[in-house]
Amino acid sequence: MPSIALSLINVTKRYGATAILDGLSLGLFQGEKVGLIGRNGAGKSTLFRLLTGDETPDSGEVVITQGLRVARLSQEPHFAPGASIRQALEAALADHAALLARHQRIHETLHGATGLEEARLLDELQSVEHQIEHWGWDLEPRLKAAATTWGLEDLDAEVESLSGGWRKRVALAQAWLKEPDVLVLDEPTNHLDPDQVEKLEAWLQAFGGALLLITHDRHLLDAVVSRMLELEDGGLRSYEGGYSDYLLEKSDREFREARLTEHMQNRLRREMAWLRRGAKARTRKSKLRIQEVLDLKDTVEDRTRLEARQGLAFAAGGNRSDALIRAEGLRFAYPGGPELLDGLDLSLQRGMRVALLGPNGCGKSTLLKVLLGDLEPLEGEVYRHPKLATTTISQGRGELDGARSILDNLADRAAVVDTGSGTLLAHVYLTRFGFPVDQQNRSAATLSGGERNRLLLAKAMLSPADLLVLDEPTNDLDIPTLQNLEEALLGFQGTLLLVSHDRFFLDQVVTHTLAWNGEGSPRWELYEGAPSTVRSLREARAASLEAARAAVKAAVPRARKPGLSQKELRRLAEVEQAMDTLHARLSELDAALADPSAFLRADSPGHQALKDRDAARAELEDLEIAWLELEEKRQEG
């Protein structure tokens, strides 16, 4: 049986009078991969801080087996002020560097050592060399391998100046470099684009150590873990298998418990009826039996103390037009930056739920702004229905006023709100979204990421909309809230534009995917289906286009025919050769532009490649016109 890698033994952690973790015990075996889930506020981050040593338990013990290398990744990783990517990666190689330094010191000491001291140093030297043989005698190859694996091109860039997604890549590269025996990750997919999430998934699947994965990414849990832990009411409940297995087992357990609760409720009703009999009868009843009934009442109340489902629902607007937004030939680029939209045509129909899929920096948020009119395209037109009602939640969550209270952000000091199915007291409405009445006067600036998101969802559901635009609505939400949000979006009768990195969520909700294709023209492609189907649909579309090109090529033979002079035939051959050369050149340029590092700096090669591609396209268009004229003349002959 494998040995324990880390354990928590009867751990209790309180904040004030509230026990976040209450007598919690956990054992993680070497080689075991475990997923941890729970509602926001259940104590997942507290548990993580105990494992990192940033906090200590009020009672109990946190034990990590001595000699094991441990790597931890927090939700928002921090780095030394002013550190470059190279320096951050070198910090992760501290153990390797220490071994190399120790190897040097042993050699220096050996020159004057004799007897027992020499023997001890030689033994230590052998051990040190064995470890160095595993890692290598040079730090640079390992550093470059980490940079390549996680797509870190500009090693001189200051880490704190990077976006959240790039900082998360650096932190993952640090953990990867440590080659840990134990890996503890807290929401590792936050801010990562789909390609990087796939790399993370592949790494964790191949990882041979002990893994504790705290995440709301249900797709990742299903792909990686073999055991699920649910943190609730300060304790842990264990389920064998991945997330899907957890759902099935939990559903069965809740059904059995509901039947037991129903039985207890029936018994309680009979006992309470017995207690409510006349005063004369009550005097003859034993105090012991009365206490048993009161205990039963408390037990039933505890078992039925289930949080009411939030009842999330987005109200559709009154617009009954099928066509809400039509975009034709959209082009857009920020000054000095790459072209993010290159001739996009798009029609948004009522009832479509469209996911925008692409890597960080490809222009998803920019596309939303152009469609909504917050940015003007450089070319093309956007036609919006004149009575289009839109509700938006942006990635920056700027729709909230941090200086105002939670309640005022929702209702602007109104006592009641209209939910679409009737009016409700504003403070009662907020409790559906996990905001207790006694906390609703808190400043919005004090809210966590998940709380800000829930407040924005509560606010959005009060505004009937024909078009709902959600930019990363799943960030920081716990799984129960995600499930409620899925149900609300599936019931929404309007049109949805959605940006999210949560693959499981997207596959549940969307009907169409607008996917970025760095090698395409235009680079945004619309597919009918969820993001998980895009790869196969793209391959099928490419095969269909290739077959069509082959058919056209076969239908237009290039053999010499009457009607062209010798000079024109030579010109035709030159034009065809030049077209082939330009097609090859365009393929090279598109590949260069697909590199994430192509536009990292003002002097990066992508800017010149973009200009070269435009020039090559213009030249190709001229050649195609010349070729068509010559071919038409040859056909007539």
Closer than 3.5 angstrom, by distance alone: can the side chain of [X] be matched with the main-chain N or O of [Y] as a donor-acceptor pair?
X      : Y      : answer
Ser500 : Asp502 : yes
Lys364 : Gly358 : yes
Gln87  : Ser84  : yes
Glu230 : Ser238 : no
Thr513 : Tyr527 : no
Thr52  : Arg49  : yes

Side chain to side chain donor-acceptor pair (under 3.5 Å) against [X], all qualifying residues, sequence neighbours excluded:
X      : result
Thr149 : none
Glu528 : none
Ser532 : Asp507
Glu486 : Arg218

Between Leu211 and Val34, is a side chain to side chain contact (heavy atoms under 4.5 Å, CB included) present by the stated rule, with each step listed?
CA-CA 6 Å; Leu211 169 67; Val34 176; over 6 Å; no
Is the closest basic N to carboxylate O distance between Glu55 and Lys13 below 4.0 Å?
yes
Give me the atom names and distance for the closest heavy-atom approach of [X] to [Y].
X      : Y      : result
Lys168 : Pro77  : CE-CD, 4.0 Å
Ala88  : Val170 : CB-CG1, 3.9 Å
Leu21  : Gly43  : CD2-O, 4.2 Å
Lys44  : Leu36  : CD-O, 4.4 Å
Pro188 : Leu73  : CB-CD2, 3.9 Å
Leu50  : Pro57  : CD2-N, 3.6 Å

What I'd like to find out is whether the side chain of [X] reaches to under 4.5 Å of the side chain of [Y], using heavy atoms alone.
X      : Y      : value
Val510 : Val354 : no
Glu61  : Asn10  : no
Leu68  : Thr65  : yes
Leu356 : Leu497 : yes
Asp233 : Asp22  : no
Val184 : Phe48  : yes
Trp203 : Leu172 : yes
Ile393 : Pro473 : no

Report the C-alpha distance between Ser244 and Asp222 in whole Å, list the side-chain angles of each, state the deciding distance to 0.1 Å, and finish with yes or no for side chain to side chain donor-acceptor pair (under 3.5 Å).
CA-CA 7 Å; Ser244 297; Asp222 253 349; 2.5 Å; yes
Which residues share a ring-ring contact (aromatic ring centres under 6.0 Å, His included) with His501, sequence neighbours left out:
none
Between Leu185 and Thr215, is the side chain to side chain contact (heavy atoms under 4.5 Å, CB included) condition met? List the steps.
CA-CA 8 Å; Leu185 306 178; Thr215 183; over 6 Å; no
Nearest 0.5 Å please: distance from the [atom1] atom of [X] over to the [atom2] atom of [Y].
X      : Y      : atom1 : atom2 : result
Trp516 : Glu525 : CH2   : CD    : 10.5 Å
Ser45  : Glu76  : OG    : CD    : 10.5 Å
Tyr239 : Met228 : OH    : CE    : 9.5 Å
Arg169 : Gln196 : CZ    : CD    : 3.5 Å
Thr46  : Asp54  : OG1   : CG    : 11.5 Å
Glu90  : Glu140 : CD    : CD    : 7.5 Å

Ring-face cation contact, Phe79 with Arg167, 6.0 Å cut, 45° max:
no
Side-chain donor-acceptor contacts of residues 26-33 below 3.5 Å, not counting sequence neighbours, with atom names and distances?
from, atom 1, to, atom 2, distance (Å)
Gln30, OE1, Ser3, OG, 3.3
Gln30, NE2, Ser3, OG, 3.4
Glu32, OE1, Phe29, N, 3.0
Glu32, OE1, Arg227, NH2, 3.4
Glu32, OE2, Arg227, NE, 2.7
Glu32, OE2, Arg227, NH2, 3.2
Lys33, NZ, Leu204, O, 2.7
Lys33, NZ, Gln205, O, 2.8
Lys33, NZ, Phe207, O, 3.0

Go through Leu489 and Leu470 one step at a time and tell me if the side chain to side chain contact (heavy atoms under 4.5 Å, CB included) criterion holds.
CA-CA 11 Å; Leu489 292 177; Leu470 305 180; 4.0 Å; yes
Taking only residues two or more places apart in sequence or in another chain, which ones pass salt bridge (charged side-chain N to carboxylate O under 4.0 Å, His left out) with [X]?
X      : result
Arg102 : Glu124
Glu198 : Arg535
Glu201 : Arg503
Arg14  : none

Leu100: side chain to side chain contact (heavy atoms under 4.5 Å, CB included) partners, not counting sequence neighbours:
His96, Ile132, Trp137, Leu139
Worked check of side chain to side chain contact (heavy atoms under 4.5 Å, CB included) between Leu367 and Leu514
CA-CA 11 Å; Leu367 174 54; Leu514 187 60; 3.6 Å; yes
Residue pair Thr12 / Asp58, side-chain donor-acceptor N/O under 3.5 Å:
no
When you compare the side chains of Ser365 and Asp471, does any donor N or O come within less than 3.5 Å of an acceptor on the partner?
yes
Donor-acceptor contacts, no H, no angles, side chain residues 175-182, under 3.5 Å, sequence neighbours left out:
from, atom 1, to, atom 2, distance (Å)
Glu179, OE1, His134, NE2, 2.7
Glu179, OE1, Trp135, NE1, 3.2
Asp181, OD2, Arg69, N, 2.7

